[in-house]
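Starting from 1, each residue takes its place in the sequence as its number. Predicted model, so just to flag it, every value in this text is computed and none were measured.
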Amino acid sequence: MKLFLAIIIGIGIIGCGFAVPLFKADQSKSGATFDEIQDQIFNLGVKPQTRGLTCDLCKLLVNGIRQLIAKNKTEEDIDKFVRTFFAGNTCVNLQIEQPYVCDKIIEEFGNEIYFAIEHSYLEPHEFCGAFIKECGTYENPLNQPWPLTIPGNKPAVKPWPTVPDGKPKMRVLHLADIHVDREYAIGSESLCSNDEGFVYAFCCRDYPPDNSAGGKAAIKFPAPKWGIAENCDIPFITFDESMRLISLQEKFDYIIVTGDLESHAIWDYEKETTAANIANITATLLKYFPGIPVYQAVGNHEGVPMDAFAPHSIPEYDTRGPQWLYTVLNENWGHWIPDSVKESLQYYLFINATDPDLTLDWLAKELLDSEQKGEKVHIISHIPSGDSYCLKSFSANYYSLINRFENTIAAQFFGHTHNDHFYMYFDEANPKNRPTHTAFVAPSLTTYSYLNPAYRVYTIDGNYPGSSFTVLDEENYWANLTEVNSNDKLEFKLEYNKRQDYNMKDLSPASHHDLLMRMVNDSALLDKYITHFYRNTKQVGECDPACRKKFICDAMTGEAGKEDIFCAGL
C-alpha cells in the first residue's frame, strides 16, 4: 500500500482555501481623498450602536491602504493608519474583537493583507466580499476551471472487495485538529464572547485588562482544568493525557494526523512558537507510541500567518514562502518517513488554484504509477474537497482524479471541519450514477467550537498479498468534559461503531449512499447522525427541516459549490 504524503498541503491549504488573485491593481480608482477616508472611518468607529465589521468600513480601509501604497508609504506608515483608525477606535467601539486582539491582528496579518491589496486586481467591494456577505457575492477568479491532464484508459471498475474470513486486519488511529493551546488558563473566562457580539472570539485565556473599560471584568464561567466545549482549544494536559490513555487502549499499526496542531489564537502566531509546538507534539507522539508509524498532513493553521503558503512561482518566495515550515516538518517527520520522500516533502507541499507547483499533476502521475504496479493508495489530507473552504477549481479536478483512479485509491482521510461526517463521490459527478468513493472526515480532538474531544479508530484490511486496504469498520470515541471535570479524570468512551449503529453492510461508497437515502425518510436515523456529527453537544431539536436536509445534502456534495447538482431531489 502507498500512503500519499505529498498531497497533504495540496488539498489542505490554498487548494482548498481562500486565495486573493495576485495581479497588479489599478491604483487610480481610489475614490475619496485620504483625509476624507480617515474622517469617514473615524465617524463609523464612534458609533457603538453598530456592531461588527461592515462592508462600508472594509471598503474604506482597503481604499485607504491602496492610497498609501500608491504614495509609496512604508509598511510602518500603513500600520499607523490602520492602528489609529481601525484598532484604536473602530475595532473596539464596534466590538469587532476584544481590544487585545484588535491590536495584535494588525501585527500578525498586516503585511500579508497589504501585499494582497497591492497586487490584487479586485475592487474594494470585491475584496471585502470575500469576508462580508453584505458586500455581495465574492466570485474568486481562481475558481475558474483550469486544465489538468488526467490519464486515459481507465480500467474496468472492480466490484467492492469482500474480505475473506481469517485475513489479518490493521488498526489505525486517526487524530484530527488537535489545536493545543499552550496559553490555556484555568480559571479564565470561558465565555468571553457572551453577549459581547464579537465576530471572532477565542476564550479560556488570560487577556490583558481593557483599560478603556475600567479594568478586567469579573469571571462568569471559569475555564476548568481539562477544557470546555466552548470557543476554547484544549490545554496541553488534555492532549498529553489523551495520548497516554489512547496508547494504553491497544497497539496501532499506524497513526494518521490530519493537520492543525496550533491553537485558534491566530493573531499570536510566530514561526518560532509554531516550530516549538510541532516539535513538542512530535515528542509526545514518540513518547506514547514508540515504534508506531505516524503519517501527518499539514493544516491551514500551521501557516504563519494562518493560511499563508506562498507558491514557489512568486518573486517574493524567499521571504513569503513556507520553506521554513517544510524544514521544520522534515526535521520532525523524519522519525516516520523514509529519506526517499523528503525531497518531495520539501517542494510539493504547496498548491494554489492554478497548480503552479504541479501538485495535482504529480498526484495524477503517482496514481497512474500505482495503478500500473497494482498498488493500493491511501490519501491523507486536511481539508476535504467538499468543504466550502476549498477552491472550486481545485475541488473539481481532485474529484475527477478520485473517479479516474477509484480502483487504486482504497481510502481518503480528512479533518479540518472538527465534526464527524463524510462526503460522497459519484461517477461523472452525477448523483444519479453509481457512488464511486467516500471521504472519511474525523472529529477533532480540540473543543473549538462547542465540541467534546474525540478521536477515531479504523479497522482496515490488513497488509498481506492481495489486500484491498479498504476500511472495514470505524469506531468513534469521545470524552464528556462535564463528567471529566466533575471527576477530575479524563476518560474516553466508545460513542458508536459505524457499521453497527447505522446498520451498514460494509463501508463501501454504495453503503454510505444507502445510509444517506435512508436518512431522508427515517427521522430517528438522521437524529442519530446529527448527534454524532456534534458528538452530543447540541440538541437535535435545534435543527429545523431545512437544517436537517442540509446534513444529507452536504454529505452528498464531494465537490465544493455543487450543492444544486448533488442535492437535487432530496
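- Qualifying side chain to side chain donor-acceptor pair (under 3.5 Å) partners for Asp501, counting only residues two or more places apart in sequence or in other chains: none.
- In terms of the side-chain contact (heavy atoms from CB on, under 4.5 Å) criterion, residue partners of Arg182 (sequence neighbours excluded) are, by chain and number, Val180, Phe236, Asn277, Asn280.
- In this structure Phe533 satisfies the ring-ring contact (aromatic ring centres under 6.0 Å, His included) test together with His421, Phe551, sequence neighbours excluded.
- For Tyr477, the ring-ring contact (aromatic ring centres under 6.0 Å, His included) partners at least two apart in sequence or on another chain are Tyr455.
- The side chain to side chain donor-acceptor pair (under 3.5 Å) search around Asn419 returns none, not counting sequence neighbours.
- Take Lys251 and apply the side chain to side chain donor-acceptor pair (under 3.5 Å) test, not counting sequence neighbours, and it matches no residue.
- Residues passing the side chain to side chain donor-acceptor pair (under 3.5 Å) test with Glu491, sequence neighbours excluded: none.
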**Request:** Evaluate the side-chain contact (heavy atoms from CB on, under 4.5 Å) criterion for residues Tyr496 and Asp420: first the C-alpha distance (whole Å), next the side-chain angles of each, then the deciding distance (0.1 Å), finally the verdict.
**Result:** CA-CA 11 Å; Tyr496 73 101; Asp420 178 348; 2.8 Å; yes
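- In this structure, the ring of His264 has its center less than 6.0 angstrom from the ring center of His418.
- Taking Asn332 as the reference, Ile278, Ala279, Thr282, Val328 meet the side-chain contact (heavy atoms from CB on, under 4.5 Å) condition, with sequence neighbours excluded.
- A search for side-chain contact (heavy atoms from CB on, under 4.5 Å) contacts involving Ala555 returns Phe422, Leu516, Tyr529, not counting sequence neighbours.
- Between Ser388 atom OG and Glu563 atom CD the span is 8.5 Å, to the nearest 0.5 Å.
- Residues passing the side-chain contact (heavy atoms from CB on, under 4.5 Å) test with Thr459 are Lys169, Arg171, Leu472, Asp473, sequence neighbours excluded.
- Taking Tyr458 as the reference, His174, Phe413, Phe440 meet the ring-ring contact (aromatic ring centres under 6.0 Å, His included) condition, with sequence neighbours excluded.
- For Glu474 and Arg499, the salt-bridge test fails: no basic side-chain N is under 4.0 Å from an acidic carboxylate O.
- Considering only residues two or more places apart in sequence or on other chains, Glu495 meets the salt bridge (Lys or Arg N to Asp or Glu O under 4.0 Å) condition with none of them.
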